[in-house]
Amino acid sequence: MNILVTGHKGFIGTNLFPILKSRFSDNIIGLDIKDGNDLLTCELPQADVIIHLAGLSGVRQSLDNPTEYWKQNVIVSQRLFDHYAGKRIMYASSSTAYEPWRNPYALSKHAIEQIAPPNSLGMRFTTAYGPGGREQMLIPKILRNDIQWINTNHKRDFIHVNDLIDALHMLISERQINGIIDIGSGTSHQITDLMKHFGIDFEGKIGGENERLDNKANIEMLTKYGWKTNYDLYKYIEEHRSVN
């Protein structure tokens, strides 16, 4: 079985790819823009399973460049769906797709779900954290004591990247699971509670209409197949936070 991972040098990809390599050896192929492989134009290899992680992420960045988000997320996905028709395709969606009207990123993920083939699996990730996470995300900012302000009305479902990868690993084998599935911890954390727990000073703002208030995942399907989380958010922060 040949497995193609797009975006294998991104946050989730860099954590997933070595695990798949150790299990499947030479049958794992990676394509990433960092290697010059633009998925809009590059040659696509033969594959039996496609794990499509490539694309642009970030709600606020999408507001400034909606056209590029549409190209890199929707048009690229359509090319993969067409090329690998009939193959097992697992693609990264987002919890933002529940409310696609809020921003171009959410709309692009919702659009991918609408054009995806019926035998594919869209994975609505919540807010992932862990090694290699984007520096502008909340948890990396907390770890380096770099919080200027937070949205006081937001709750977030944070999932460690290793728990997310455990879910992906299971879903590769469970081929009868198609459609859309949430991948998160199943627990919402009030952002202000995190700040207070760790004694972090912050400027509070009310979040606007461009972001969801709460992105809690429904993990009933994952737990049905024996998956569970192994990482606790508060413990992770305590162990990795820089204290000046």
Side-chain angles (χ1 to χ4, degrees), residues 3-25 28-39 49-62 68-69 72-73 76-77 90-96 105 108-109 122-148 150 156-172 182-185 187 189 191 194 198 200 215 217 222 227-243:
I3 299 177
L4 168 65
V5 181
T6 71
H8 73 294
K9 292 191 172 180
F11 172 32
I12 296 172
T14 54
N15 287 277
L16 173 66
F17 200 71
I19 294 174
L20 294 180
K21 268 285 189 183
S22 66
R23 178 179 176 186
F24 297 102
S25 186
I28 304 299
I29 309 160
L31 286 178
D32 198 289
I33 191 68
K34 293 176 182 177
D35 293 328
N37 291 308
D38 186 343
L39 289 172
V49 176
I50 297 87
I51 303 175
H52 178 35
L53 303 176
L56 296 178
S57 59
V59 167
R60 292 167 191 164
Q61 297 91 327
S62 74
E68 194 63 21
Y69 271 70
Q72 294 299 327
N73 292 352
V76 162
S77 296
M90 299 165 54
Y91 62 92
S93 186
S94 164
S95 58
T96 63
Y105 173 61
S108 72
K109 291 298 186 180
M123 302 172 291
R124 286 182 171 176
F125 300 144
T126 58
T127 308
Y129 68 95
R134 288 185 292 136
E135 291 297 305
Q136 66 267 40
M137 297 296 285
L138 179 65
I139 302 305
K141 285 186 174 182
I142 290 176
L143 296 183
R144 64 176 186 269
N145 292 314
D146 186 27
I147 298 292
Q148 282 80 45
I150 63 165
R156 288 292 176 262
D157 181 335
F158 296 97
I159 180 170
H160 192 280
V161 66
N162 288 349
D163 285 332
L164 187 153
I165 286 169
D166 283 346
L168 289 181
H169 202 270
M170 179 194 74
L171 291 168
I172 291 173
D182 285 1
I183 300 182
S185 71
T187 300
H189 296 277
I191 303 301
L194 271 175
F198 291 102
I200 300 172
N215 69 340
L222 288 176
W227 175 89
K228 61 182 179 63
T229 58
N230 293 301
Y231 288 81
D232 178 80
L233 175 64
Y234 281 76
K235 184 177 180 181
Y236 177 85
I237 293 174
E238 287 171 357
E239 293 177 348
H240 294 84
R241 186 180 173 212
S242 299
V243 179

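Excluded from the calculations below are hydrogen atoms, water molecules and symmetry mates; all remaining heavy atoms, backbone and side chain alike, are included. Along the sequence shown, the residues carry numbers beginning at 1.
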Residues Ser185 and Asp157: side-chain donor-acceptor under 3.5 angstrom: yes

Test side chain to side chain contact (heavy atoms under 4.5 Å, CB included) applied to Leu56 and Asn73, step by step: CA-CA 6 Å; Leu56 296 178; Asn73 292 352; 4.0 Å; yes

Steps toward side chain to side chain contact (heavy atoms under 4.5 Å, CB included) verdict (Gln72, Ser108): CA-CA 9 Å; Gln72 294 299 327; Ser108 72; over 6 Å; no

Interatomic spacing from CD in Glu135 to CG in Leu143 - rounded to 0.5 Å: 9.0 Å

Aromatic plane relationship, His189 with Phe158 - under 30° parallel, 30 to 60° tilted, over 60° perpendicular: tilted

CD1 on Ile147 to CZ on Phe198, rounded to 0.5 Å: 11.5 Å

Student check: side-chain heavy atoms of Asn230 and Asp166 closer than 4.5 Å: yes

Shortest non-hydrogen separation from Gly7 to Ala54 and the atoms involved: N-CB, 3.6 Å

Student check: side-chain heavy atoms of Ile237 and Leu194 closer than 4.5 Å: yes

Thr96/Asn215 under side chain to side chain donor-acceptor pair (under 3.5 Å): CA gap, chis, key distance, verdict: CA-CA 7 Å; Thr96 63; Asn215 69 340; over 6 Å; no

Qualifying residue, where the test is side-chain contact (heavy atoms from CB on, under 4.5 Å) with Leu31 and the options are Val5, Asn37, Ile50: Asn37

Smallest separation among heavy atoms of Tyr105 and Ser62, with atom names: N-OG, 3.1 Å

Pairwise distance OH(Tyr236) to CG(Asn162) - rounded to 0.5 angstrom: 9.0 Å

Inter-residue atom distance Ser93.OG - Asp182.CG, 0.5 Å rounding: 9.5 Å

pair Asn15-Leu164: side-chain heavy atoms closer than 4.5 Å: no

Exercise: do His8 and Thr14 side chains pair donor with acceptor under 3.5 Å: no

Short side-chain to backbone donor-acceptor contact, Tyr69 and Ser57, under 3.5 Å: yes

Short side-chain donor-acceptor distance under 3.5 Å, Asn145 and Arg241: yes

Value rounded to 0.5 Å, distance of CE in Met123 from OG in Ser95: 13.5 Å

Ring pair (Phe, Tyr, Trp, His ring centres under 6.0 Å) partner of His160, chosen from Phe125, Tyr231, Phe11: Tyr231

Under-4.0 Å salt bridge between Asp146 and Arg144: yes

Residue pair Ile51 / Thr6, side-chain heavy-atom distance below 4.5 Å: no

Check against side chain to side chain contact (heavy atoms under 4.5 Å, CB included), Met170 and Leu222: CA-CA 9 Å; Met170 179 194 74; Leu222 288 176; 3.8 Å; yes

Non-hydrogen side-chain atoms of Ser77 and His52 separated by less than 4.5 Å: yes

Heavy-atom closest pair, residues Ile28 and Leu20: CG1-O, 3.6 Å

Any Gln136 side-chain heavy atom under 4.5 Å of Arg60 side chain: no

Minimum side-chain heavy-atom gap Leu171-Trp227 below 4.5 Å: no

Donor-acceptor pair, side chain of Asp32 and main chain of Lys9, under 3.5 angstrom: yes

Worked check of side chain to side chain contact (heavy atoms under 4.5 Å, CB included) between Lys109 and Arg124: CA-CA 9 Å; Lys109 291 298 186 180; Arg124 286 182 171 176; over 6 Å; no

From Thr126 atom OG1 to Ile159 atom CD1, the distance as rounded to the nearest 0.5 Å: 5.5 Å

